[in-house]
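These figures come from a predicted structure and were not determined experimentally. Chain identifiers are assigned alphabetically (A, B, ...) following the order of the sequence lines, protein sequences preceding nucleic acid strands; residue numbering begins at 1 within each chain.
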Amino acid sequence: MDLGWLVLVSILKIAFVIGVLLLLFAPVLVLAERRQSAFFQDRLGPYMGGFPMPRALLDAIPYLVLGAYVVAALCGVMFAISLAMVATGNGQDVLFTEPVFGIEHTWGGLMLVFFPLAVIHLVAAKILPFLFFDGRLTIFGGLHALFDAIKAFTKEDIVPPRGDKFLHSIAPIIAMVPAFATAAVIPFGPTIYVDYLLEQLPADGAIGGTAIDIQVANLNIGILYIFAIAGTGIIGAAIAGYASDNKYALLGGLRAASQMVSYEVTLGLSLVPMFMLYDSLMLPDMIRWQGEHVWGVLVNPLAFVLFFTASIAEYKRVPFDAPEGESEIVAGYFLEYSSGKWLMYMMGEFIEVAVSSAIIAVVFLGGWEVPFLTRAGWEAFGYRFDLTGTGFDVVSNVANSHLFIIIVQVVAFLAKVMVLALISIQVRWTLPRFRYDQIMSLCWKLILPLSLVNILVTGIFVLLFQQMGW
Amino acid sequence: MAYAIKKPGRTVADQSYVVEAVKGLGVTFKRFFQNTIGPAENRKTATIRYPEETREYPERFRGVHRLTHRVDGSPRCVACLCCSTACPAQCIYIEPAEYEADDPRHGYERYPRVFVIDELRCIFCGFCVEACPCDAIRMDTGTHVPASWKREHFIFDKETLMSIPGKDGTYVTANPRHEPGDPTHPGLDRDKAH
Ligand code: SF4
Ligand code: SF4
């Protein structure tokens, strides 16, 4: 692998990670934050933002829907025909005798093409009318987040006249950068063996050729890097409080700093049992262990609860949001921020939600692993999903191919992260805030001792199992 | 007699917080799914998409004024100035005029050459409607004065007021009128009392 190739791949990976964070998680979470809360409070939430659409397009929507239904029906019919052809066994050479695009048994291939086409058109026909509202393209209110951001960004940027201008400007950057930097070690998917994309991989053994991890950097200190970088976020909050020339902001900054320092400790300690279990600090290794055995949350649920709590507290989210308690210290350490800088704090917060959910998904929920899906394909209790020789073999060829498995696993990982993030946003809207002394005593008097006990007990069991040769 | 209120005891589950937190999440999630993907009749959503969707105002809501029509499309108003006299905000301005000499109503009643309501000064008390002896001014439009960015847009003249239909979409009121010349007309006018 020469240097240019390496640089290109790295840039692509960074672009992928930042793209996922900024284009997928940030808007979805901003929207979830605002509409999820609205929905269970019996409100509709913000939905207005949208682009005006030309009259002609709006008038054409019923016809487009009709067209989509027609296409879906045609694809369904074609799917049924090809299914019948394959099932009756004479699918080989009724119409096509030659393989097309390297896929033999052309009817089987057609089957695989027409099924998704039919589904896509059906879904499109169902959701198309709801993408528009009152002559605007709103995407179920999804564009509102974009307009919120534009509005916030174009507002006046105020620096307190007696505040420290330099520190005031640099604090949001210090607070936001760690959120992105921690994403660097998160594995979004398994290793890609570029040379074997369309083939089925062997179940075990080394695989040659070019291999790319879907991870910006696979550091051998792995998760310690996350703790280290996340710890620097404290500085952003503390500096913001200091530079704002505002007592409330200063109090907020102090609270943020002491809370984050405290939970930093528990955050690390609550994960130590998992390191002992997985025998590694590298995130992909943890995921592989869980793929071979069971998900971490089943092995050590206590660690899951402790880490989940500690990570919410570490990222200052409700119910641990004393640093920005509106009732006491207004908006806390970012009280004096407006416009783009304020947006940076918000953005950083949402990225942190995504990143901490990703860490939980990796350590406790098996990361990209999907049950019964191995590197070599779908497999349950020793039975492989394999239809060779039945006429449907092209189905199992595609389902077991390396590329398809990668796509399934990346999507599964993103789905796990999204579900966790939505749950933590729901936590935000459900639980009332703790008092500040409760936050601290929860940390030092409960979570810390419990995680120490957890380390001890897990250590005993790990040693026991090693002695027994498991 | 003072009596002690028994405090509810706390179980271990309450005290550990985790169980109760999960229960609370269950409540909010249930409500969330009920209001989003649940069947429409179970949804409890209380808000609407306001400017695009509107709620029906109550039956007796006093909305923007309208001037009712006669069957021939002319205003029912006889320019008696009762409404502008009654108006506490003094926002009605009427210039009465005589019908043309060949009109059967000439010498019998007048009509408003100018009829203006300043909807920004109006307090929507409805006194004008109460005062009108002819059922010529009504506030049964079921809608409010539309928002605008110019003060002039709120000065509603006769044509504007006559162009607003009632809630039921009609311009002529159900109260019958007895025009001069109709058999039902009592035959009185300003010159001769029978
Ligand atoms: S509603 Fe009241 S204030 Fe408005 S025009 Fe009629 S009498 Fe005047
Ligand atoms: S609207 Fe009614 S009260 Fe007002 S001037 Fe006309 S007839 Fe008289």
message = Quick check: do Arg43(A) and Thr45(B) have side-chain heavy atoms less than 4.5 Å from each other?
response = no
Any Phe29(B) side-chain heavy atom under 4.5 Å of Ile423(A) side chain = yes
message = Show me the pairs that pass salt bridge (Lys or Arg N to Asp or Glu O under 4.0 Å) and involve residues 124-151 of chain B, at least two apart or across chains.
response = Arg66(B)-Asp140(B), Asp135(B)-Arg138(B), Arg138(B)-Asp140(B)
note = Bottom line for Gln36(A): the part with an atom under 4.5 Å from chain B's heavy atoms is both
query = Given a strict heavy-atom distance threshold of 4.5 Å, which part of Arg49(B) is in contact with chain A: side chain, backbone, both, or neither?
reply = both
query = Can you say whether Thr28(B) sits under 4.5 Å from chain A via the side chain, the backbone, both, or neither, judging by heavy atoms?
reply = both
ask   = So, Asp42(A) side chain and Ala46(B) main chain: donor-acceptor pair closer than 3.5 Å or not?
value = no
task = Looking only at non-hydrogen atoms, find the nearest pair between Leu44(A) and Thr47(B) and report the distance.
result = N-OG1, 2.9 Å
inquiry  = Could you report the tightest heavy-atom contact between Phe40(A) and Phe32(B), atom names first, then the distance?
reply    = CB-N, 3.6 Å
task = Give, for atom CZ of Phe39(A) and atom CZ of Arg43(B), the distance between the pair rounded to the nearest 0.5 Å.
result = 8.5 Å
Would you say [atom1] of [X] has more than 12 non-hydrogen atoms from neighbouring residues, nucleotides or ligands within 6.0 angstrom?
X         : atom1 : answer
Phe124(B) : CZ    : yes
Phe461(A) : CZ    : no
Gln90(B)  : CD    : no

message = Only heavy atoms, only distances under 4.5 angstrom. Which residues in residues 424-434 of chain A are near chain B?
response = Gln426(A), Val427(A), Thr430(A), Leu431(A), Pro432(A), Phe434(A)
